[in-house]
Protein chains: 2
Amino acid sequence: MPDPADALSEHAVERLIAYRRHLRQRLMQGCDRIYSHDLAKPEGVTPAQVRRDLMTIGYTGSPARGYDAKGLITHISSLLDARSVGGFALVGVGHLGRAILDYLARQHPEYKVAAFDVNPDKAGGVTHGCRCYMLDEMKQVLTQQSMRVGIVTVPADAAQDAATRLVEAGVCGLLNFAPVRLRVPARVYVENVDIALRLEKVAFFALASRPKETQE
Amino acid sequence: MPDPADALSEHAVERLIAYRRHLRQRLMQGCDRIYSHDLAKPEGVTPAQVRRDLMTIGYTGSPARGYDAKGLITHISSLLDARSVGGFALVGVGHLGRAILDYLARQHPEYKVAAFDVNPDKAGGVTHGCRCYMLDEMKQVLTQQSMRVGIVTVPADAAQDAATRLVEAGVCGLLNFAPVRLRVPARVYVENVDIALRLEKVAFFALASRPKETQE
DNA sequence: GCTATACTGTGAGTGAATTCACAGTGTGAT
DNA sequence: ATCACACTGTGAATTCACTCACAGTATAGC
């Protein structure tokens with residue numbers, strides 16, 4: 001069973017997610033057919049790239065009528081949402097953690113979310129419609145609710161510990177916001193979102209780069 | 001004056017920032033000389049990659065003694081911090097915005113930071129040691145304080161407006177957290193941090209990927 | 001002083017991701 | 001019915017980032 005989804009590169013997946021989001025938006029505006037360049041321009045990629053991506057996932061449009069928005073959304077979703085993640089376990093209920101809990105509660109009420117924090121004042125309470133537990137309760141809670149993705153929003157020095165606990169509790173994917181490289185078993189997928197690094201990066205390119213990108 | 005800094009790719013800059021961070025850490029541990037593999041492993045890159053990067057920026061180590069940590073930090077910094085960003089202007093004082101203000105106040109007290117929000121309750125106040133202004137005051141504040149980088153932490157539907165205002169107020173770099181592609185003049189550098197997308201990406205790879213990455 | 005060693009610096013090679021460019025095709029206009 | 005057009009699907013070309021592999025060299029040990 002050679003699932004085509006396993007052949008997707010990280011970049012390809014990112015683009016597919018972006019396409020889907022854009023398509024949903026278009027659909028709500030009552031636009032049910034879309035051309036590769038309509039999808040490409042706002043996402044900052046070339047039309048050829050879009051066509052190539054859709055080819056890879058085996059979706060076919062029609063010349064002179066483009067792609068069917070609804071069908072394409074369904075097709076992308078069938079690849080991306082094939083396996084259920086169960087829910088998310090977030091460690092570190094600071095500002096960033098709350099921002100994400102907020103987002104999840106608002107945009108994805110269908111997902112189960114559990115929050116964890118060292119601070120006993122936070123634990124036991126309910127933040128943004130989601131129970132907050134003590135760190136020690138993690139394994140128990142996760143096994144029971146079968147959550148497969150962990151979100152690390154603790155300070156750098158607590159990140160490795162949080163990650164280890166999450167992995168031991170059975171997650172197989174981590175979204176790490178701490179500016180640290182997590183050491184985890186190879187089977188666990190780690191996605192790093194290093195905000196501090198990005199901040200420094202913009203600062204650099206804002207002033208160093210001679211315009212090479214084209215937009216607008 | 002062909003500045004070597006202008007030849008750096010986005011990836012290279014990201015790595016250099018990571019190297020520098022790691023070097024500072026090592027230095028604090030009293031380790032003043034470092035080999036390419038010491039720098040590579042924890043950052044998840046190959047030693048060859050490190051050597052190549054340092055070659056590109058024209059830093060030279062010595063066989064059998066490696067690179068001088070302090071000198072390397074200085075060298076990297078001379079490239080990355082060549083031009084002063086002046087400071088940061090953040091729009092959208094929600095949870096995410098506060099998380100970033102927090103970080104900046106704590107880690108980079110040397111930067112000037114101004115916050116902006118539509119909510120008049122927030123405006124006028126002081127959050128994490130940083131004045132919060134009304135949106136309309138932006139142009140005035142920024143011109144006066146010459147801030148060159150904008151941070152967009154508002155909801156998706158307000159992002160384009162925030163970006164436009166920031167650009168008009170003179171920023172030349174944007175760090176955008178809204179899940180939207182900003183339309184700005186080509187001279188402005190935009191760095192997107194799409195947390196929702198990353199979340200979907202982890203969810204996908206957590207369950208789809210057959211281990212290919214090697215860590216630990 | 002001489003030698004073995006473990007590193008650096010780098011030309012060449014590899015592989016992936018993106019773009020080019022064009023043949024094929026369905027649609028709307030005439 | 002025919003034609004012109006603007007799009008898709010895709011092999012080939014290109015670009016880019018990364019890795020290999022080895023020659024060159026400074027140090028530590030003898």
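Fair warning: this is a prediction, and the values are worked out from it, not measured in the lab. Numbers restart at 1 for each chain; the letters A, B, ... are given by sequence-line order, proteins then strands.
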*Asks:* The criterion is salt bridge (charged side-chain N to carboxylate O under 4.0 Å, His left out); which residues satisfy it with A/Arg51, sequence neighbours excluded?
*Replies:* none
*Asks:* Reading DNA chain C from 5' to 3', where do the contacts with chain B start and stop? Cut-off is 4.0 Å to heavy atoms.
*Replies:*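 Extent of the interface on DNA chain C: C/dC7 to C/dA12.
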*Asks:* Between D/dC16 atom C1' and B/Glu10 atom CD, what is the distance in whole Å?
*Replies:* 13 Å
*Asks:* Sequence neighbours excluded, which residues qualify as ring pair (Phe, Tyr, Trp, His ring centres under 6.0 Å) partners of B/His37?
*Replies:*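 Scan of B/His37 (ring pair (Phe, Tyr, Trp, His ring centres under 6.0 Å), adjacent residues dropped) gives B/Tyr35.
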*Asks:* What integer distance in Å separates B/Glu14:CD from D/dC18:C1'?
*Replies:*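 Interatomic distance, CD of B/Glu14 to C1' of D/dC18: 15 Å.
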*Asks:* Taking ring pair (Phe, Tyr, Trp, His ring centres under 6.0 Å) as the test, write out the residues that go with A/His95, two or more places apart.
*Replies:*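 Once residues adjacent in sequence are excluded, the partners of A/His95 under the ring pair (Phe, Tyr, Trp, His ring centres under 6.0 Å) criterion are B/His128.
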*Asks:* Just wondering, more than 12 heavy atoms not from A/Lys41 lying within 6.0 Å of its NZ?
*Replies:*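 Count not over threshold, so no.
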*Asks:* Please confirm whether the shortest side-chain N or O distance from B/Gln49 to OP1 or OP2 of D/dT19 is below 4.0 Å.
*Replies:*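 True: B/Gln49 side-chain N/O within range (under 4.0 Å) of D/dT19 OP1/OP2.
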*Asks:* Check the distance between D/dC7's P and A/Arg51's CZ and give it to me in whole angstrom.
*Replies:*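 Roughly 10 Å, once rounded to whole Å.
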*Asks:* List the residues meeting side chain to side chain donor-acceptor pair (under 3.5 Å) with B/Tyr103, not counting sequence neighbours, and say none if there are none.
*Replies:*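 B/Tyr103: side chain to side chain donor-acceptor pair (under 3.5 Å) contacts with B/His108.
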*Asks:* Could you check which residues of residues 23-44 of chain A get a heavy atom under 4.0 Å from DNA chain C? Sort them by number, please.
*Replies:* none
*Asks:* Just grab all the side-chain hydrogen bond (donor to acceptor under 3.5 Å, both in side chains) pairs involving residues 166-178 of chain A, residues at least two apart or on different chains.
*Replies:* A/Asn176-A/Asn192
*Asks:* Give me each pair satisfying salt bridge (Lys or Arg N to Asp or Glu O under 4.0 Å) with a member in residues 12-29 of chain B, each pair once, sequence neighbours excluded.
*Replies:* A/Asp194-B/Arg21, A/Glu200-B/Arg20, A/Lys201-B/Glu14, B/Arg15-B/Asp53, B/Arg20-B/Asp81
*Asks:* Identify, with sequence neighbours excluded, every residue that meets ring pair (Phe, Tyr, Trp, His ring centres under 6.0 Å) alongside B/His75.
*Replies:* B/Tyr59
*Asks:* Below 4.0 angstrom from OP1 or OP2 of D/dC20, is there any side-chain N or O of B/Arg52?
*Replies:*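 For D/dC20, neither OP1 nor OP2 has a side-chain N or O of B/Arg52 closer than 4.0 Å.
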*Asks:* Tell me the salt bridge (Lys or Arg N to Asp or Glu O under 4.0 Å) pairs involving residues 58-72 of chain A, sequence neighbours left out?
*Replies:*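 Every candidate salt bridge (Lys or Arg N to Asp or Glu O under 4.0 Å) pair involving residues 58-72 of chain A fails, so no pair, neighbours aside, qualifies.
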*Asks:* Measure the distance from OH on A/Tyr59 to P on D/dT10 and round it to the nearest whole Å.
*Replies:* 15 Å
*Asks:* What are the two closest heavy atoms between B/Leu166 and B/Ala89, and how far apart are they?
*Replies:*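 Scanning both residues, the minimum pair turns out to be CD2-CB, 3.9 Å.
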*Asks:* Taking N or O atoms only and anything under 3.5 Å, show me the protein contacts with nucleotides 23-30 of chain D, one pair per line.
*Replies:*
unit_1, atom_1, unit_2, atom_2, d
D/dT27, OP1, B/Arg65, NE, 3.2

*Asks:* Quick check on DNA chain C: between B/Leu54 and A/Ala48, whose nearest nucleotide comes earlier from the 5' end?
*Replies:*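 This one resolves to B/Leu54.
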*Asks:* Taking only residues two or more places apart in sequence or in another chain, which ones pass side chain to side chain donor-acceptor pair (under 3.5 Å) with B/Arg106?
*Replies:*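 For B/Arg106 the side chain to side chain donor-acceptor pair (under 3.5 Å) partners, ignoring immediate neighbours, are B/Asp102.
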